[in-house]
Number of protein chains: 2
Amino acid sequence: MFSIGQLSRRTGVKVPTIRYYEGLGLIVPEGRTEGNQRRYDKAGLDRLAFIRHARALGLPLEAIRELIMLDPTSHADTHRIATTHLADVRKRIARLRQLEAELARIVQSCDGGPGHECDILAALGDHGKCDGAH
Amino acid sequence: MFSIGQLSRRTGVKVPTIRYYEGLGLIVPEGRTEGNQRRYDKAGLDRLAFIRHARALGLPLEAIRELIMLDPTSHADTHRIATTHLADVRKRIARLRQLEAELARIVQSCDGGPGHECDILAALGDHGKCDGAH
DNA sequence: CTTGAACCTCTAGCGACTAGAGAGATTACA
DNA sequence: TGTAATCTCTCTAGTCGCTAGAGGTTCAAG
């Protein structure tokens, strides 16, 4: 049996966050003490480790809830959620790479030295020079 | 003179968002009509276009506020803000690429077909197989 | 039995908006 | 000039994934 603090220390998830997850129905303590404090068993520990790892991978809590709720033998659903998230991550990477290219271009337009024409502000205000992706 | 709706249509920034920006002090209408409606001039339009483009590049509103407030001839500050943001974007890309690699590995561990051992749930719960970056 | 740490619930805040209520202003057209 | 349609006003609350704090209770060690 673990207290919420022990669970927190073992998983690296902060105490208020665990309670927050409980509010969302993602994890429920096995029981309570007479004094109303939460007590967890090994299953609770595993569940929280699962949530934490999935979060570290960037899955939104809603997707994690789906993973928890669905039939663990249903490969199709599991696969769908993971694949969707992978596609999402790839989209975000693509977008960030565009931003990176444009920002790099803007920063290079000025060497930061004094007495030099600085184009950064103008470049930020002027959409015309961009690829038009945004 | 533009109404808030005209400004919205010309810049692609939604009306409530313009008012939200005003609450943060990023843009102020040139004046108001007798009936208390906002009216903007060309400077307001340019200012909003600037904000929109900077946002599209991912700059947080706080950074945009800095850019607006600072002396436009001060290259150093401008350069610093843009460079900081570029570094931030690069960090986020690096992190997402790690996630992508791991997710791809996890998804590949299961072909989604029936009657097949699916490792996705196990892989999500088990941090041990990861590079340990998260 | 006392102390101090850990725990409880509840509320509010972050960033960057978005949605909606309910009321008032403006504009286009007849 | 009237009226109807559209626009705008302020205000509040919701989104996501937490985090921080107030004010009070319980637990475990010495």
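Letters go in sequence order (proteins before strands), and every chain restarts at 1.
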Can you give one letter per nucleotide of nucleotides 4-24 of chain D, 5' to 3': B if a protein heavy atom sits under 4.0 Å from the base, S if only from the sugar-phosphate, - if neither? ----SSB------BBS-----
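- Distance, A/F2 CZ to C/dC7 C1': 18 Å, rounded to whole Å.
- Qualifying side chain to side chain donor-acceptor pair (under 3.5 Å) partners for B/E34, counting only residues two or more places apart in sequence or in other chains: none.
- The nearest pair of heavy atoms linking A/A56 to B/L99 is O-CD2, 3.2 Å.
- Rounded to whole angstrom, the span from the CD atom of A/E34 across to the P atom of D/dA28 amounts to 12 Å.
- A salt bridge between B/R97 and B/E102 is absent, with no side-chain N of the basic residue lying under 4.0 Å from a carboxylate O of the acidic one.
- The nearest whole Å value for the distance from the CZ atom in B/R52 to the P atom in C/dA16 is 16 Å.
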Under the salt bridge (charged side-chain N to carboxylate O under 4.0 Å, His left out) rule, what do A/E100 and A/R95 come out as? Steps first, then yes or no, please. CA-CA 9 Å; A/E100 184 204 2; A/R95 164 145 177 73; over 6 Å; no
List the atom pairs, donor and acceptor, that lie under 3.5 Å between side-chain atoms in residues 20-31 of chain B and the rest of the protein, sequence neighbours left out.
| residue | atom | partner | partner atom | Å |
| --- | --- | --- | --- | --- |
| B/E22 | OE1 | B/R38 | NE | 2.7 |

